[in-house]
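Proteins come first, then strands; the chains are lettered A, B, ... in the order of their sequence lines, and each starts at number 1.
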Amino acid sequence: AELTIGFSQIGSESGWRAAETSVSKQEASKRKVNLKIADAQQKQENQIKAIRSFIAQNVDAIFLAPVVSTGWDSVLKEAKEAKIPVVLLDRDIDPSGKELYLTAVTSDSVHEGAVAGDWLAKTVGGKACNIVELQGTVGASVAANRKKGFDTAIAKHANLKVVRSQTGDFTRAKGKEVMESFIKAEGGGKNICAVYAHNDDMMVGAIQAMKEAGLKPGKDILTVSIDAVPDIFKAMIAGEANATVELTPNMAGPAFDAVAAFKEKGTVPPKWIQTESRLLTAADNPQKEYDSKKGLGY
Amino acid sequence: METSLDPGPPLLEVRGISKSFGAVRALQEVDFTLRAGEIHALLGENGAGKSTLIKVITGVFPRDAGVIRLGGEEVAPRSAKAALQAGIATVYQEVNLLPNLSVAQNLFLDRQPMRFGIVREGEMRRRAKALLAEFGLDIDVAAPLGNYSVAVQHVTAIARAIDLSARVLILDEPTASLDRHEVEILFGIMRQLAGRGIGIVFVSHFLDQVYEISDRITVLRNGRLVGERETASLPRLELIRMMLGRELAETTSTRASAGEHQAREVCASFENYGKAGYVAPFNLELRHGEVVGLAGLLGSGRTETARLVFGAERADRGQARVEGAPVRLQTPRDGVRHGFGYCPEERKTDGIVAELTVRENIVLALQAKRGLHRPLSRREQDEIAARYVRMLDIRPPDPERPVGLLSGGNQQKVLLARWLATSPRLLVLDEPTRGIDVGAHAEIIRLIRELCDDGLALLVISSELDEIVTYSDRVVVLRDRAHVEELTGEAIDVTNVLAAIAADGATLAHEGRA
Amino acid sequence: MKGLPPVLITAIVLVAGFAACAAQFPNIASTRVVGNLLTDNAFLGIVATGMTFVIISGGIDLSVGSVIGFTTVFVALASERWGVPPLVAFVAILALSAAFGAAMGAVIHVFDLPPFIVTLAGMFLARGASFLLSTESVPITAPVYSTVSDFALRMPGGGRLTAIAIIMLAIVIGGALLLHLTRFGANVYALGGSRATAGLMGVAVGKMTVKIYMLSSLLAGLAGIVFSFYTSAGYSLSAVGVELDSIAAVVIGGTLLTGGQGSVIGTFLGVLIQGMIQTYINFDGTLSSWWTKIATGVLLFAFIALQQALVTLARRPVAKRAGAAS
Amino acid sequence: MTALLPRRGLAQIFALIVILAIDRAVSPQFFDLRLQDGRLFGSLIDVLNRGTPVALLSLGMVLVIATRGIDLSVGAVMAICGAIAASLADSHGLPVVLAAALGAGLVCGLWNGFLVAVLGMQPIVATLILMVAGRGIAQLITEGRIVTFSSPDLVWLGNGAILGLPVPVAIALGMLLLTGAVVRGSALGLLIEATGGNARASELAGVGTRAMILAVYVWCGVCAALAGVIAAADIMGADANNAGLWLELDAILAVVIGGTSLFGGRFSLVLAVLGALIIQTMNTGILLSGYPPEFNLLVKAVVVLAVLLLQSPKLSGLAGIATRLRGTKP
Ligand SMILES: Nc1ncnc2c1ncn2[C@@H]1O[C@H](COP(=O)(O)OP(=O)(O)OP(=O)(O)O)[C@@H](O)[C@H]1O
Ligand SMILES: Nc1ncnc2c1ncn2[C@@H]1O[C@H](COP(=O)(O)OP(=O)(O)OP(=O)(O)O)[C@@H](O)[C@H]1O
Ligand SMILES: [Mg+2]
Ligand SMILES: [Mg+2]
């Protein structure tokens with residue numbers, strides 16, 4: 001029988017998120033799943049409402065991309081009572097709720113930060129390097145995790161130091177504005193050796209700021225960021241960006257398969273289906289990556 | 001009027017009060033004494049400082065200097081609430097009640113009858129009804145006050161204050177929008193309260209009323225005390241001289257004869273003009289150089305007629321003509337475009353733009369008439385403003401003062417100036433002399449005559465029959481939202497107008513005309 | 001002044017909307033959905049009740065969303081990290097938020113500043129303070145929480161009337177009584193009519209202003225506690241934008257933003273109307289993110305326009321009869 | 001010239017100077033300026049450049065607020081117009097792009113004005129509708145992506161320079177002069193202030209209050225459109241999700257800091273723009289200070305309150321100084 005699945009999506013706050021939504025739709029139509037998407041406009045209360053209305057509609061399964069890690073217990077309990085399996089996409093929830101969902105298809109955002117940090121440590125080698133950091137939205141768990149992973153990775157290297165860290169709200173415009181002031185504050189950019197941004201969008205903005213200040217991003221200042229959206233590959237092709245860590249937008253695909261197997265054969269999937277966090281640099285054929293990602297709705 | 005010879009301790013004693021607003025010295029060392037059981041008139045020109053003195057006494061304005069004693073004890077109320085608690089109840093000059101609350105809530109705000117922390121709505125309404133009944137007002141006290149006319153609102157404010165007054169009652173121009181009948185009722189109640197030993201301060205520009213009701217008079221001029229007299233021993237001319245500081249030029253009535261007015265050209269005419277549920281259809285001709293007065297009781301439909309004529313309200317039947325040509329009057333803009341002007345009766349809400357300066361208020365209608373793309377230069381504005389400030393003696397003579405800071409009478413003059421500046425062909429004045437002092441009153445009546453001589457057509461509403469009779473060439477009498485009678489020439493006198501207003505069955509036949 | 005006709009109209013609009021939705025998705029007409037509507041909007045109903053008082057008095061309170069956010073973080077940290085019993089934390093946070101509101105009211109009155117801006121600063125302040133407390137979301141494990149969130153009255157048809165929904169209904173009823181039956185309530189309307197006039201009539205304007213903002217913040221604090229029950233967590237970014245939702249609910253409920261008119265029941269209906277728009281969109285489930293926003297806007301417009309039209313229709317004959325100045 | 005720069009600007013200018021001084025204290029190179037590729041470069045220029053969108057928004061917002069209205073939709077309108085500009089940029093010439101974007105802003109303004117002036121809705125809800133739906137429309141245009149472009153003309157609008165001044169700053173300056181000329185050069189200013197001060201009285205004096213209200217919302221829409229185009233040009237892409245997000249609050253804040261009452265009436269264009277600069281000077285200072293971002297909002301709250309208290313008529317000390325200064329003037 002055709003499955004009806006409700007997907008409580010966070011919103012469309014970034015290109016990556018839009019791509020995740022459109023890839024989910026593509027994957028659903030591939031598998032002839034009837035996918036109902038409720039967009040929560042970044043609000044947890046809207047997500048809870050959406051889940052409740054999915055339960056009221058008696059869907060076959062619920063996908064949840066949780067905007068925050070806590071606060072899902074009671075609504076997920078309701079889903080459990082109604083015998084509707086829940087799959088978490090993209091982000092994990094608080095450990096106390098482990099038995100309330102079927103599986104979680106997510107990347108490890110601490111790990112992502114660590115991958116970025118390790119790359120930087122390796123690239124810089126032994127020379128001293130002042131890093132500036134563009135954080136995501138204050139309070140967002142992804143931002144905190146990506147910071148944590150990165151900090152742990154560079155803590156092992158005394159020559160690496162984060163000298164400035166401000167929030168760029170995950171957006172291009174703020175990324176550019178914050179980078180502008182970092183450049184002013186750090187002697188016109190001469191004291192900066194690398195930029196780490198919690199997502200590619202902020203990095204694209206920061207690259208513009210560096211160019212406008214007469215600096216050569218990618219050469220004068222190294223860049224590393226996370227997500228792997230098409231535009232960062234464009235910058236790599238132009239030699240203006242150095243590295244990014246991929247976060248795949250295809251979280252729904254594995255989730256559909258897990259639900260189908262569970263519904264048909266009763267196979268219980270592992271609690272965590274971790275997606276790969278690939279490091280991509282200028283050496284990894286950015287043109288090819290760009291072409292393959294262009295049409296995904298970023 | 002005979003007053004007791006026993007001096008007694010004064011109930012309210014004010015000594016050496018001064019108050020300045022920036023550079024304007026509104027009060028300078030003013031003394032004022034109110035005895036228990038007396039009705040004390042506080043008089044002066046517009047802007048003399050009467051309202052300011054009252055607000056200083058009740059703590060609305062902090063005073064710069066001076067002392068206030070109540071029953072011999074020094075008091076310093078710092079808010080209206082404190083004054084109320086001390087036993088001073090006040091009706092301020094502008095109707096100061098809340099149109100969004102019900103009549104009953106207005107009467108009992110902050111002192112509602114309570115039980116277990118809950119307002120006893122029924123009890124409150126019953127008491128409200130009883131209170132208003134004393135003024136012959138039988139209205140739905142649960143309806144919002146804003147649904148009622150200014151007159152009703154004013155009566156409500158007075159009723160509230162009277163009910164509150166423990167020792168002192170202050171009434172700042174309470175009679176400005178009341179008709180004779182209601183004034184009579186008010187005076188009756190005031191005498192009764194005075195008889196109980198309450199001291200009453202009464203501000204008015206109607207000298208007849210002052211002589212009728214007051215025991216003593218205090219006169220202010222330019223923020224200074226001119227003097228305090230027994231009413232009985234103060235001749236009227238002497239009083240006017242005290243107020244103005246000069247003699248008042250006599251106004252003479254120069255009414256056109258019946259034949260003369262027929263000969264004049266029609267400026268605007270309205271045939272079978274009306275709006276369902278608003279005013280019954282009427283015929284009205286307004287001629288150049290002629291004053292038409294509208295007389296009637298409160299709520300008889302005078303304001304409604306004025307609004308229809310100007311275009312502030314849309315008629316649903318009939319035909320309007322200007323200089324013989326048919327026109328459509330659907331918005332005030334249409335009226336203004338055809339050279340009409342309209343001074344509304346509710347000055348505060350419909351007239352002035354309080355925050356703007358005197359100059360800006362004066363040029364507003366002219367500018368609206370000229371349109372956006374032809375702005376008046378600052379020089380032209382200054383000239384116009386200066387001209388009318390001089391002509392109408394607006395005080396203080398500072399065109400850059402926000403109009404909201406002017407005294408009530410002076411605001412009225414600014415409104416008049418606004419329309420005069422547009423050189424209108426027809427001017428509709430709704431209660432133009434309300435709140436205007438004797439001097440200015442005479443000035444405005446003179447002005448009305450002069451304007452007519454220059455060919456202006458005037459439609460004037462006034463509750464002052466004497467006044468209407470003085471300047472009108474024709475008087476249209478309204479009753480129950482219909483035009484019932486038209487008096488011309490020699491037929492115009494107070495008795496005839498009163499008869500037409502009062503006649504019930506007798507003139508019903510005329511209604512067929514409408 | 002009691003605003004009964006507008007309330008009735010809002011109620012009619014709500015019922016009509018509900019019927020239209022149920023016609024398309026029969027599942028909507030169930031006690032389950034109604035129960036969800038009450039539970040999901042419990043915190044909104046509580047803040048909107050407070051907001052009603054503020055708006056009727058002629059003010060506005062933009063800080064409520066942030067106060068909710070702060071409250072959730074405070075309560076979570078208190079019970080999880082600082083070892084304070086939840087009930088003590090509740091009392092503390094209610095006192096704190098009341099003091100916060102009182103302070104805003106005092107600033108508004110004493111310095112004669114526009115409430116919009118003072119409470120905007122309050123919004124920054126409360127949100128900023130919650131960032132300082134914790135930027136992470138903190139799960140709450142205290143036993144009270146599971147007890148309260150598990151409690152529910154079963155309604156026929158599988159619906160659940162949860163504890164927080166009951167709290168909200170109680171607040172709405174209490175708020176309505178306070179507004180319509182007490183001297184305090186009358187003074188709120190008086191302030192909205194005109195602050196200056198209310199002062200001249202003997203209302204203690206300053207005290208009232210302080211009390212009104214205090215009430216609003218207090219209810220925002222309570223809404224924060226309810227929110228923390230709702231999610232069993234404290235999070236500094238929770239309830240972002242709730243101030244706009246609650247203002248919209250108040251206004252949809254027939255309260256005039258200029259003050260002086262309105263009702264708590266109307267606000268409650270406004271909350272339900274908003275909740276229903278969202279339920280409808282969730283049931284539909286085919287809308288992309290952008291169509292969701294567009295549809296919300298269009299439905300908002302439809303409801304307000306319908307309401308406006310009904311109010312105008314309802315007023316017309318009355319205006320004629322009284323000849324009242326419009 | 002009291003019309004353009006009223007006497008009451010003292011508190012704002014004082015506030016700006018104090019914040020500039022604080023910025024200098026946290027960042028010693030704050031006042032450094034140098035020429036870089038024909039464009040001035042330095043923190044001061046950043047303040048002007050980054051302040052441009054809010055300054056443009058506040059130019060429209062101040063007129064709306066003067067009529068006793070408010071426009072919550074400006075952020076969404078920015079997003080719509082930025083999206084339109086970005087989608088057309090690579091296929092059409094700059095005039096077409098600008099015409100389309102500004103035209104869209106105008107239509108948005110007309111819609112708001114229609115709801116307020118003709119249907120008589122309360123401004124805050126009327127514009128809330130477009131605030132919610134508008135961002136959806138913008139995302140519909142971009143399909144949720146960041147639409148990038150490379151048209152050098154449009155990019156120049158964001159990153160070019162005129163006489164060393166960034167183009168956006170020059171545009172904002174131009175708009176200030178244009179708005180000032182239109183509003184104070186015609187009778188519009190007076191009629192808007194009258195409408196906001198007392199709409200009933202103005203209507204009776206023959207002022208077309210509906211037309212005034214419609215006009216200010218339209219102008220506000222056009223200003224927002226321009227801000228949207230500049231924001232898109234700045235990052236060479238239209239970010240429908242984030243462009244102009246929450247900027248309506250900043251614009252309102254700027255207007256209020258500029259001394260215009262939310263209850264309508266008297267307004268000042270120059271002071272509204274000054275308000276925008278005060279906000280941006282504070283924001284840039286926060287970025288330069290190096291404090292952790294958790295403090296941003298707290299600092300903002302404290303500064304906003306301080307600036308407002310400075311203006312409060314009740315702060316008698318300062319008021320006394322002001323009147324004395326005013327009194328000594330001839
Ligand atoms: N709030 C205020 N701010 C500044 N000036 C004021 C204020 N209130 C009154 N004035 C000024 O004080 C003077 C006295 O005004 P007041 O209202 O007391 O006059 P009045 O005698 O009541 O006149 P009227 O008969 O016209 O009511 C006037 O010049 C007026 O412009
Ligand atoms: N004494 C009264 N009792 C009850 N209602 C009244 C009274 N006087 C006026 N009203 C109400 O106020 C409404 C409007 O009166 P309005 O002021 O417009 O009439 P008017 O003829 O212009 O009188 P005026 O110009 O003398 O105030 C009337 O339709 C009536 O409902
Ligand atoms: Mg007076
Ligand atoms: Mg009348």
Side-chain angles (χ1 to χ4, degrees), chain A residues 4-13 17-18 21-22 25 34-59 66-75 77-78 82 93-97 135 137-141 143-145 147 167, chain C residues 25 27-28 30 32-33 35-37 39-41 43-44 69 72 76 127 130-131 134-141 145-146 149-150 158 160 162 227-242 245 275 278-293 296:
Chain A
T4 297
I5 293 178
F7 177 16
S8 171
Q9 175 62 296
I10 293 180
S12 64
E13 73 282 3
R17 187 66 61 191
T21 307
S22 79
K25 281 187 198 157
N34 176 17
L35 187 68
K36 290 190 161 216
I37 300 183
D39 182 286
Q41 324 277 345
Q42 277 80 247
K43 290 187 189 168
Q44 182 178 25
E45 56 272 29
N46 289 357
Q47 290 202 294
I48 297 179
K49 287 175 201 173
I51 296 172
R52 288 233 165 87
S53 74
F54 288 144
I55 299 172
Q57 293 173 72
N58 225 335
V59 295
V67 66
V68 51
S69 61
T70 53
W72 304 101
D73 292 9
S74 68
V75 69
K77 244 180 249 166
E78 278 179 43
I93 63 171
D94 201 63
S96 73
Q135 298 184 26
T137 310
V138 177
S141 59
N145 290 342
K147 182 173 176 53
T167 174
Chain C
F25 301 106
N27 272 353
I28 285 189
S30 66
R32 171 161 222 144
V33 171
N36 286 353
L37 213 53
T39 305
D40 293 335
N41 293 295
F43 72 97
L44 187 60
T72 62
R127 188 69 69 188
S130 52
F131 285 153
S134 164
T135 52
E136 286 168 29
S137 70
V138 183
I140 306 177
T141 53
Y145 272 75
S146 45
S149 37
D150 288 343
R160 289 151 41 95
T162 56
F227 197 92
S228 74
F229 278 120
Y230 185 49
T231 60
S232 297
Y235 183 38
S236 55
L237 281 179
S238 50
V240 170
V242 161
D245 292 343
Q278 220 161 29
T279 308
Y280 175 79
I281 288 173
N282 282 339
F283 265 75
D284 182 80
T286 56
L287 299 180
S288 57
S289 182
W290 35 98
W291 281 113
T292 304
K293 293 191 177 91
T296 312

Student: Where does A:Q57 contact chain C at under 4.5 Å (heavy atoms): side chain, backbone, both or neither?
Tutor: both
Student: Under 4.5 Å from any heavy atom of chain A, what part of C:V240 do you find: side chain, backbone, both or neither?
Tutor: backbone
Student: Heavy-atom distance under 4.5 Å to chain C: side chain of A:I55, backbone, both or neither?
Tutor: side chain
Student: Please evaluate residues C:Y230 and A:Q44 with respect to the criterion side-chain contact (heavy atoms from CB on, under 4.5 Å), reporting the C-alpha separation (whole Å), side-chain torsions for both, the decisive distance (0.1 Å), and the verdict.
Tutor: CA-CA 10 Å; C:Y230 185 49; A:Q44 182 178 25; over 6 Å; no
Student: Would you mind checking which part of A:A144 comes under 4.5 Å of any heavy atom in chain C, side chain (CB onward), backbone (N, CA, C, O), both or neither?
Tutor: neither
Student: Who among C:T72, C:T279, C:L37, C:L237 has the most heavy-atom pairs with chain A under 4.5 Å?
Tutor: C:L237
Student: Would the distance check show the side chain of C:Y235 and the main-chain N or O of A:G139 forming a donor-acceptor pair, the cut-off being under 3.5 Å?
Tutor: yes
Student: A side-chain contact here means heavy atoms from C-beta on lying under 4.5 Å apart; do C:N36 and A:K49 qualify?
Tutor: no
Student: For the residue pair A:T70 / C:S137, report whether a side-chain donor-acceptor contact shorter than 3.5 Å exists.
Tutor: yes
Student: Which region of A:T137, side chain (C-beta onward) or backbone (N, CA, C, O), has a non-hydrogen atom less than 4.5 Å from a non-hydrogen atom of chain C, or is it both or neither?
Tutor: side chain
Student: Sort A:S53 into side chain, backbone, both or neither according to what part of it lies under 4.5 angstrom from a heavy atom of chain C.
Tutor: both
Student: Given a strict heavy-atom distance threshold of 4.5 Å, which part of C:Q278 is in contact with chain A: side chain, backbone, both, or neither?
Tutor: side chain
Student: More than 12 non-hydrogen atoms from neighbouring residues, nucleotides or ligands closer than 6.0 Å to CD on C:E136, yes or no?
Tutor: no
Student: So, do A:Q41 and C:T292 sit near enough that their side-chain heavy atoms are less than 4.5 Å apart?
Tutor: yes
Student: Given a strict heavy-atom distance threshold of 4.5 Å, which part of C:F283 is in contact with chain A: side chain, backbone, both, or neither?
Tutor: both
Student: Which region of A:E78, side chain (C-beta onward) or backbone (N, CA, C, O), has a non-hydrogen atom less than 4.5 Å from a non-hydrogen atom of chain C, or is it both or neither?
Tutor: side chain
Student: Considering only heavy atoms and a distance below 4.5 Å, find which of A:I48, A:D73, A:N58 pairs most often with chain C.
Tutor: A:I48
